[in-house]
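For reference, the structure is listed below as structure tokens.
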Amino acid sequence: MELNRAFKQRLTYPSPRRTGGVDGVAAMDPAAPAALRAVDAEQLARVAHELTQGISQGAIGGVPLRDYFADSLRALYPDRHNAGQRAVAEFLRGPHCSDVDMLGLSRGRSVTEAFGDFLLDKAGPRTDTAPLIERELLAALVKTLARHPEPGYLIRHPHVCRTGEGSWAAWTDGTRPRRDPDRAPAAPAVFVACGGRYFAGPLSTPLTAALLGEAEPRPGWVAARTTGGRGDAVGRARDALRRKGLIP
């Protein structure tokens, strides 16, 4: 966390001349570990400069947040031509990025998930924009997992599950954006990463239950639909999903 804090300080406030600091902001966080203070400040400033060019385009560390949340940003910042830059600046100066893991240590969540939660809080849970943000958030997370199925960060979203080796799935409910892994969705839409490929679209509730039948962690609502006398039907549904490449 200290390294993340120190790196964020350097990343967020680079010098225009790459020599450290701007007015009112120290070039290096005084609380930074000694190992980081010993880093070549000039070289680190160059790295910070390049990364902040990405931030100015609505990206952090190569993660294209402006592209991932394009429709959400248009809805939340309808009068801003630089909505991505504005949103990223607000995100970096707020509390949502405090537990982001930018070092691949699997100790914090991804910048995509943190940014999505920032947008959800900004929109409010009962607005028409909230379901849109949730869909774009899950799509962005699962698309990344299709390319990198063993992430270097923690996934805390309760609707994202590992469904097998190198495969993940997520779901949302078209009728309500509220997150509740124990409540069955009425109109599920799924997002699947399997074998390096990405799939997304509506799926019936029984097929969604079959898709998540061996997920880790398994959602609470799935257990009631995959046990008892439903085993044969669930097995046939999983065979069909496997043939379509949705589960390994």
Side-chain angles (χ1 to χ4, degrees), residues 4-18 22-25 44-104 108-148 151-157 159-160 168 170 172 177 179 189 191 193 198 200:
N4 273 352
R5 177 185 171 191
F7 185 68
K8 177 187 168 186
Q9 170 87 5
R10 192 62 169 173
L11 175 63
T12 311
Y13 302 105
S15 166
R17 297 186 178 182
R18 306 182 183 180
V22 295
D23 290 343
V25 180
L44 187 55
R46 292 191 182 96
V47 173
H49 175 81
E50 296 304 323
L51 289 174
T52 48
Q53 296 311 298
I55 291 175
S56 71
Q57 299 169 17
I60 297 179
V63 180
L65 298 173
R66 184 178 61 179
D67 298 334
Y68 283 166
F69 296 93
D71 292 337
S72 301
L73 291 171
R74 278 193 291 269
L76 290 173
Y77 300 86
D79 58 340
R80 303 290 301 192
H81 71 279
N82 59 343
Q85 180 181 354
R86 174 71 177 272
V88 169
E90 291 180 12
F91 167 70
L92 285 173
R93 286 163 174 76
H96 290 85
C97 65
S98 61
D99 63 342
V100 168
D101 189 339
M102 294 291 289
L103 303 177
R109 59 182 176 164
S110 75
V111 65
T112 302
E113 184 175 350
F115 187 73
D117 284 350
F118 157 74
L119 293 181
L120 282 169
D121 283 352
K122 185 175 181 66
R126 300 186 182 278
T127 63
D128 293 338
T129 309
L132 169 62
I133 297 171
E134 187 76 346
R135 288 194 301 272
E136 290 194 321
L137 167 58
L138 292 174
L141 283 173
V142 178
K143 283 178 182 177
T144 302
L145 291 169
R147 296 190 299 270
H148 307 287
Y153 47 79
L154 304 177
I155 297 176
R156 294 177 178 164
H157 197 299
H159 288 197
V160 180
W168 297 78
T172 188
R179 299 173 183 177
F191 309 84
Y198 168 75

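The basis for the numbers below is simple: all heavy atoms, side chains too, and nothing from hydrogens, waters or symmetry mates.
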Quiz item: Is Asp99 paired with Arg109 through a side-chain N to carboxylate O contact shorter than 4.0 Å?
Solution: yes
In short, Gly124 meets Ala130 closest at the heavy-atom pair O-CB, 3.7 Å
Minimal heavy-atom distance between Ala123 and Leu76, with the atoms involved, is CB-CD2, 3.7 Å
N-O pairing of Asp71 and Arg135 below 4.0 Å = no
In terms of heavy-atom contacts, Leu65 and Leu73 come closest through O-CD1, 4.3 Å
Mind checking whether Thr112 and Tyr153 have side chains closer than 4.5 Å, heavy atoms only? no
Q: Apply the test side-chain contact (heavy atoms from CB on, under 4.5 Å) to residues Val160 and Leu145: give CA-CA distance (whole Å), side-chain angles for both, the deciding distance (0.1 Å), then the verdict.
A: CA-CA 10 Å; Val160 180; Leu145 291 169; 4.3 Å; yes
- Classify the side-chain pair Tyr77/Gln85 by whether it contains a donor and acceptor separated by less than 3.5 Å. no
Exercise for the section: Go through the steps to decide whether Thr144 and Ser110 satisfy the test side-chain contact (heavy atoms from CB on, under 4.5 Å), and finish with yes or no. Expected result: CA-CA 10 Å; Thr144 302; Ser110 75; over 6 Å; no
Rounded to the nearest 0.5 Å, the NZ atom of Lys122 sits from the NE2 atom of His96 at a distance of 11.0 Å
Sequence neighbours excluded, the answer for ring-ring contact (aromatic ring centres under 6.0 Å, His included) partners of Phe115 is Phe69, Phe91, Phe118
Ala200 meets the side-chain contact (heavy atoms from CB on, under 4.5 Å) criterion, sequence neighbours left out, with Phe191, Tyr198
Rounded to the nearest 0.5 Å, the CD1 atom of Ile133 sits from the CG atom of Leu138 at a distance of 12.0 Å
Nearest heavy-atom contact between Leu92 and Cys97 is O-SG, 3.5 Å
Correct closest heavy-atom pair for Thr127 and Pro131 would be O-CD, 3.4 Å
query = Counting only N and O atoms by type, is there a donor-acceptor contact under 3.5 Å from the side chain of Glu113 to the main-chain atoms of His157?
reply = yes
Residues Pro95 and Ser98: closest non-hydrogen pair is O-OG, 2.9 Å
No-hydrogen, no-angle side-chain donor-acceptor test under 3.5 Å, Ser72 and Glu136 | yes
Salt-bridge present (Asp117, Arg179; N to O < 4.0 Å): yes
